[in-house]
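Side chains included, hydrogens not; waters and symmetry mates left out as well; all remaining heavy atoms used.
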Amino acid sequence: MKIEVCLQSFLFYSWMRSVDFRSRRFAFRGAVGEPSASISRVDNVQEPCNDICLKINRSNGLKTMLKRKGFDSGSLSSANGSLLQNARGFLLFISPKSYFFIQCRSEKKGMVKTMLTGLQVAVLGGDARQLEIIRKLTELDAKVYLVGFDQLEQSFAGAVKEKLEELPFHELDALILPVAGLQPTGEIETVFSSAHPQLTKTMLSKTPDHCLLFTGISPPVLTKLAEQAGRTLIRLFDRDDVAIYNSIPTAEGAVMMAIQHTDFTIHGSSVAVLGMGRVGMSVARTFANLGANVKLGARKSEHLARAIEMGLTPFSIDQLPQQAESLDLIINTIPSLVITSQAIAKMKPHVFIIDLASKPGGTDFQFAKKRGIKAILALGLPGIVAPKTAGQILAGVITDLLKDAAITKGE
Ligand code: NAP
């Protein structure tokens, strides 16, 4: 396997000694197993390799440490002056005097990938988003167990279907739950099986201490279970990066709903977007780009200022009743009752309310129904309108976190 590398303009050995590797980006020209001559000279600077860090270690216990990292003893004793690579994509340069251990986590073409080789992950139920997660995990060579996928026709090399109670819990490095976590009863919901396996504290307690639990959100039953078993629960939707990426299919889903449920164009219509968080900002921009006259309701002055900067018309959220009469479409992202009966009472009959905020939403739905105003709590739009993209978003974050876990585990 070729390893593309960029070096500066003096001997590799002295360059390595002089550089603060944690702050530099670099790569190597050479091939695994080739003698050092080919990598000892400075070469043209290539595209930099991201996220490389290097450890130079000269302690007596070094060989033991390197063996633990997956470099076998035979290659260590015979490989002076060579560049070696272990199964997880870590590099080791061995000069006659020193070992240089390199963690290369670049995904760029032609560069070394950090794989998930050696990690064992169970994917427990879920929907089409999980298929992207499974695809990425197997591509990166993790051993994957699938629970609740017995009706799935598609197969993935490196993934085996298993019953929940037959999982090798004591060997698992991670469990990936559906984005909604668990049902209130503790059941794992899955669209690829008619069974509803039940995750228990006893099962979780059998996993190693480092085992990570991934979920989108965490209902109380799951939070409690993870606490009782002492396992780390990662709520992916709490992360800014996931929320921002997810806001893209959410905004597209809101457009889809507006088109499906109204008889007027978005272009030229009067749209109120409530909330200027990660979803609100994307939704407001999307509707404005489609030619709607977007008013943005928020409570913070900085959010109102941002609305002006984006070319929108801001208003204080408590002024919604005064704005209501002028609106055709209202899209709420505030998880608190903001579309009150007072506001609904002022709305025109053709208004359509799309409430995106998590259950129970921010609308007085009962009063809206009474007044004949169409209002829909539209949850889980990314999984509905773009399960592939939504799955890829989650897969990217999960595998990045697992790569870090793999590095920690290997140390
Ligand atoms: P976020 O970044 O936290 O934004 C929430 C916004 O609501 C913030 O601007 C916040 O403003 C405002 N807010 C909260 N309480 C308020 C109140 N009482 N009065 C006025 N403003 C208030 O959250 P997000 O990521 O945008 O997500 C928004 C909602 O959409 C969440 O409930 C999320 O679960 C949901 N969501 C739904 C979908 C779907 O498919 N339907 C997809 C993704 C997310 P302050 O800064 O002033 O508090």
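- Looking only at side-chain heavy atoms (C-beta outward), K143 and Y145 come within less than 4.5 Å of each other.
- Note: Q154 CD to F192 CZ = 8.0 Å, rounded to the nearest 0.5 Å.
- Between R306 and E309 there is a salt bridge, since at least one side-chain N of the basic residue sits less than 4.0 Å from a carboxylate O of the acidic one.
- Annotation: salt bridge (Lys or Arg N to Asp or Glu O under 4.0 Å) contacts involving residues 198-211, sequence neighbours excluded, comprise D209-R231.
- In this structure, L167 CG and L124 CG are separated by 6.5 Å, a value rounded to the nearest 0.5 Å.
- Under the 4.5 Å side-chain criterion, counting only non-hydrogen atoms from C-beta, F315 is not in contact with T313.
- Contact detail for A128 and P387: the closest heavy-atom pair is CB-CB, 3.8 Å.
- For the pair F149 and S193, the tightest heavy-atom approach, listed with the atom from each and the gap, is N-CB, 4.4 Å.
- For residues 274-310, no residue pair satisfies the ring-ring contact (aromatic ring centres under 6.0 Å, His included) rule, not counting sequence neighbours.
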Under 3.5 Å, side-chain donor or acceptor atoms of residues 258-271 against the rest of the protein: list the pairs with distances, not counting sequence neighbours.
from: T262; atom 1: OG1; to: A258; atom 2: O; distance (Å): 2.6
from: T262; atom 1: OG1; to: F264; atom 2: O; distance (Å): 3.3
from: T265; atom 1: OG1; to: H267; atom 2: O; distance (Å): 2.7
from: S269; atom 1: OG; to: T265; atom 2: O; distance (Å): 3.4
from: S269; atom 1: OG; to: I266; atom 2: O; distance (Å): 2.6
from: S270; atom 1: OG; to: S326; atom 2: O; distance (Å): 3.0

For this session: Would you sort out whether L356 and V279 count as a side-chain contact (heavy atoms from CB on, under 4.5 Å), showing the intermediate values?
Result: CA-CA 9 Å; L356 301 176; V279 175; 4.0 Å; yes
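- A salt bridge does not link K161 to D150: none of the charged nitrogens lies less than 4.0 Å from a carboxylate oxygen.
- Residues E189 and Q183 come closest through the heavy atom pair OE1-NE2, 3.2 Å.
- Across all non-hydrogen atoms, the minimal contact from L296 to A307 is CB-CB, 3.8 Å.
- Rounding to the nearest 0.5 Å gives a distance of 9.0 Å between CD of Q342 and CG of D364.
- In terms of heavy atoms, P382 sits closest to T250 at CG-OG1, 3.3 Å.
- The CD1 atom of I384 sits 9.5 Å away from the CG atom of D127 when rounded to the nearest 0.5 Å.
- Scored by the ring-ring contact (aromatic ring centres under 6.0 Å, His included) test, F214 finds no partners at all (sequence neighbours excluded).
- Closest non-hydrogen pair, L116 versus T399, comes out as CD1-CG2, 4.0 Å.
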Exercise. Do I330 and L274 pass the side-chain contact (heavy atoms from CB on, under 4.5 Å) test, and can you show the C-alpha distance, the side-chain angles, and the key distance before you say yes or no?
Worked result: CA-CA 8 Å; I330 302 173; L274 310 181; 3.9 Å; yes
Problem set entry | Worked verdict on L182 versus L225 for side-chain contact (heavy atoms from CB on, under 4.5 Å) | CA-CA 10 Å; L182 293 176; L225 201 61; 3.8 Å; yes
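- With salt bridges taken as basic N to acidic carboxylate O contacts below 4.0 Å, one links R135 and E132.
- Contact of the I217 side chain with the D238 side chain is not registered, since no non-hydrogen atoms from C-beta on lie closer than 4.5 Å.
- Applying the side chain to side chain donor-acceptor pair (under 3.5 Å) criterion to S247, with sequence neighbours excluded, gives S282.
- If you run side-chain contact (heavy atoms from CB on, under 4.5 Å) between I176 and each of L236, I134, L213, L137, only L137 comes through.
- Side-chain atoms of K295 and L312, non-hydrogen and from C-beta on, never get closer than 4.5 Å to each other.
- Partners of D318 according to the salt bridge (Lys or Arg N to Asp or Glu O under 4.0 Å) rule, which considers only residues two or more places apart in sequence or in another chain, do not exist here.
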Exercise. Where do D355 and T363 land on the side chain to side chain donor-acceptor pair (under 3.5 Å) test, with the steps shown first?
Worked result: CA-CA 7 Å; D355 199 334; T363 308; 2.6 Å; yes
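- Distance NZ/K388 to CD1/I393: 13.0 Å, rounded to 0.5 Å.
- The structure places CG of L377 at 11.5 Å from CD1 of I353, a figure rounded to the nearest 0.5 Å.
- Residues L152 and L131 have side chains in contact (heavy-atom distance under 4.5 Å, counting atoms from C-beta outward).
- By the 4.0 Å N-to-carboxylate-O rule, K348 lies too far from E325 to be salt-bridged with it.
- For the pair Q198 and M203, the minimum side-chain heavy-atom distance is 4.5 Å or more.
- Taking a 6.0 Å sphere around CD of Q366, one finds it holds 12 or fewer heavy atoms contributed by other residues, nucleotides or ligands.
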For this session: Run the numbers on V160 and L146 for side-chain contact (heavy atoms from CB on, under 4.5 Å), then give the verdict.
Result: CA-CA 6 Å; V160 287; L146 305 180; over 6 Å; no
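- Counting heavy atoms from C-beta on, the side chains of T190 and P178 never come closer than 4.5 Å.
- For the pair D328/H350, a side-chain contact is recorded, criterion being any heavy-atom separation below 4.5 Å from C-beta on.
- A 6.0 Å sphere centred on NZ of K374 holds more than 12 heavy atoms belonging to other residues, nucleotides or ligands.
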